[in-house]
> 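I'd like to ask some things about the structure below.
Chain letters run A, B, ... following the sequence lines, proteins first, then strands; residues in each count from 1.
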Amino acid sequence: MGEKKVTRRNFLYITTGAFSAAGAGAVAWPFITQMNPDASVKALASTEVDLRPIVPGQSITILWRGKPVFIRRRTKEEITEAQKVAITDLPDPEDDTERVQNPEWLVMVGVCTHLGCIPLGQKGDYNGWYCPCHGSHYDTSGRIRKGPAPTNLEIPEYVFLNDNTIKIG
Amino acid sequence: MSSDYKPSSAVGKWFNDRLPLLDLIYGHMLPYPTPKNLNYWWTFGGILTFCLLTQIVTGLVLAMHYVADADLAFQSVEHIMRDVNYGWLLRYIHANGASLFFMAVYIHMARSLFYGSYKEPRELIWIIGVFIFLLMIATAFMGYVLPWGQMSFWGATVITNLFSAIPFFGDAITTWLWGGYSVDSPLLTRFFTLHYLMPFLIFALVVLHVWALHVPGNNNPEGIDVVKGSQDTVPFHPHYVIKDAFALMVFMIIFAGFVFFVPNILGHSDNYIPANPLQTPEHIVPEWYFLPFYAILRSVPDKLGGVILMVSAIAILAFLPWLDTSKVRSAKYRPLYKQFYWLFIADVILLGYLGSQVSSGIYLIVGRIATAYYFMHFIIVMPLLGFFEKTKPLPKSISEPVLTKEEQKQKENGSAVTGDFVYK
Ligand code: HEM
Ligand code: FES
């Protein structure tokens, strides 16, 4: 075909096309992102919890960003059980120490990482949590051991404000 | 379509000359040539149209009383049930209407599978149908969320979490869908908006579905082409208008039976408990019409894998016209396919049963086998049958099997058949 000449018309076609595409994208964006969390939803981002009423072997569930958060004061046995597991036995390898700030307190989002049900405490094959929806078993560190859930129960951001209070979020 | 229509009134003629709307209706509904041997399985198209219109009309009036807000939705539905004049009736029609809609669509699809209605030249009719089915699933799912009971809430949670299985963007997509960090008011409001919109999109697709149907015309129980303008066809009106109307009456009696006698039998009692984000019901089950797909989802021990398989279970239907390699349409002339067809139907019913059970032990194992068979039917059985099956000889015209049956009867009885079995 020999060399094709680039004409003024080619240039106009391409620039018109490119500007229309960018314009369409810019117009579409507000229509899409309006569905993302709005300012009022984002504002409700942190919660403080008093830990004093919780005795070893007891857990409480609080609501944070519309989701349950489990706060469990683990027993000695639960802690040793969580620590002695070989990391190679875990589908989502994570050491117990990476999941707690203080081994006695396990704080995690109580939402099954499979499809979002709330697991039941102190149930299942690993004495941790069991999700009845599709049968995921979590251990005493909230790590997935068996079932369809892909990852360990999520650890939210939190800090100990003092020995008796934590702030989640 | 047919332009030989002459409106009888002056106003009709004036109108039709300017906008040939009457031409269109006339051509598609009245003299429209229809195979004369259609059986009652062909009445479900009309029944489905009735279902869609019923959902739209009852939905429209429910929407006048319903409030799409997480704090008010449950109460507003109870308000519809207790306070609104005939609110209970409208809601029960709408809720049971959704179930009957799915019953009808499953029969309609099973009919197409049996008689090979998805094959050349009707592939597009079938594919549009698959899209209608997809939109129906989305619409019914979002509708079920609206009363904001326990099943609404946890059903919404489980299904929206399916999107989190998408690699890399999963979490961003679920947050976007929710408009927050969990299922809550923003999701409810947008589901209501979409639940309102989608039936109208379905309506538009139904128009395309029927338009595409009227190009080649109806398939029929023999699965052979009718000879246009021959004795093979009868005008749609009055023959099929009456037959469809009769079937619709029977359907409406069953419908009324549900609405008036057992309005909650197809629902789940947990949905009369207000949504509680801190407590998952012991046993989450979707509505009965989603159970086979739910069983497929649960049979895979991997999140992404389960989601992919469930979506494929529906998507694969769209490829059926090419997966089926047989030239013969109707299962009547396909002795092997007929058996596999019933095996497939049994498999889907089995999956539905498994979807309602807790998935562990033997249920899980059977669920996996049934899921594998579902896909094997499409990927292995359908392509291979076309090569190995010895089909029965096809009749030369759709009149032939009817006439030979009549003649046989005559011979056996040694007398003429009574009644006006004259085809002209
Ligand atoms: C394809 C058609 C449709 C289907 C399959 C469908 C399905 C459903 C279902 C399953 C429910 C839950 C019923 C319950 O358990 O209470 C529902 C609720 C609802 N739908 Fe629809 N629907 C359709 C069309 C529409 C339309 C067109 C509108 C509005 C114009 C509408 C408005 C509503 C409202 C306001 C509710 C909440 C009240 C209630 O729960 O009874 N629907 N729908
Ligand atoms: S949601 Fe927990 S196992 Fe599926």
> Can you say whether B:Tyr294 sits under 4.5 Å from chain A via the side chain, the backbone, both, or neither, judging by heavy atoms?
side chain
> Just verifying a value: how many Å separate A:Lys67 NZ and A:Leu63 CG, rounded to the nearest 0.5 Å?
11.0 Å
> Is chain A contacted by the side chain of B:Leu278, its backbone, both, or neither, given a heavy-atom distance below 4.5 Å?
both
> Is it the side chain or the backbone of A:Leu120 that comes within 4.5 Å of chain B heavy atoms, both, or neither?
neither
> For B:Leu297, is it the side chain, the backbone, both or neither that has a heavy atom under 4.5 Å from a heavy atom of chain A?
side chain
> If the plane angle is over 60° it's perpendicular, under 30° parallel, otherwise tilted; pick one for A:Phe70 and A:Trp129.
parallel
> Between A:Glu94 and A:Arg99, is a salt bridge (Lys or Arg N to Asp or Glu O under 4.0 Å) present by the stated rule, with each step listed?
CA-CA 8 Å; A:Glu94 214 178 358; A:Arg99 296 179 52 79; 3.0 Å; yes
> Quick check for you: among A:Pro132, A:Cys131, A:Cys117, which has the greatest number of heavy-atom pairs under 4.5 Å with chain B?
A:Cys117
> For A:Ser136, is it the side chain, the backbone, both, or neither that has a heavy atom closer than 4.5 Å to a heavy atom of chain B?
neither
> Under the criterion side chain to side chain contact (heavy atoms under 4.5 Å, CB included), I'd like the reasoning laid out for A:Val109 against A:Ile155: C-alpha separation, chi angles, the key distance, then a yes or no.
CA-CA 6 Å; A:Val109 177; A:Ile155 306 292; over 6 Å; no
> Keeping B:Gln150 on the side-chain end and B:Gln279 on the backbone end, is there a donor-acceptor pair under 3.5 Å?
yes
> Name the region of B:Trp176, side chain, backbone, both or neither, that has any atom closer than 4.5 Å to a heavy atom of chain A.
both
> A:Lys123 vs A:Tyr138, test: side chain to side chain contact (heavy atoms under 4.5 Å, CB included). Steps then yes/no.
CA-CA 9 Å; A:Lys123 289 244 167 75; A:Tyr138 298 90; over 6 Å; no
> Specify which of A:Thr61, A:Thr113, A:Asp38, A:Ile32 makes the most heavy-atom pairs with chain B at under 4.5 Å.
A:Ile32
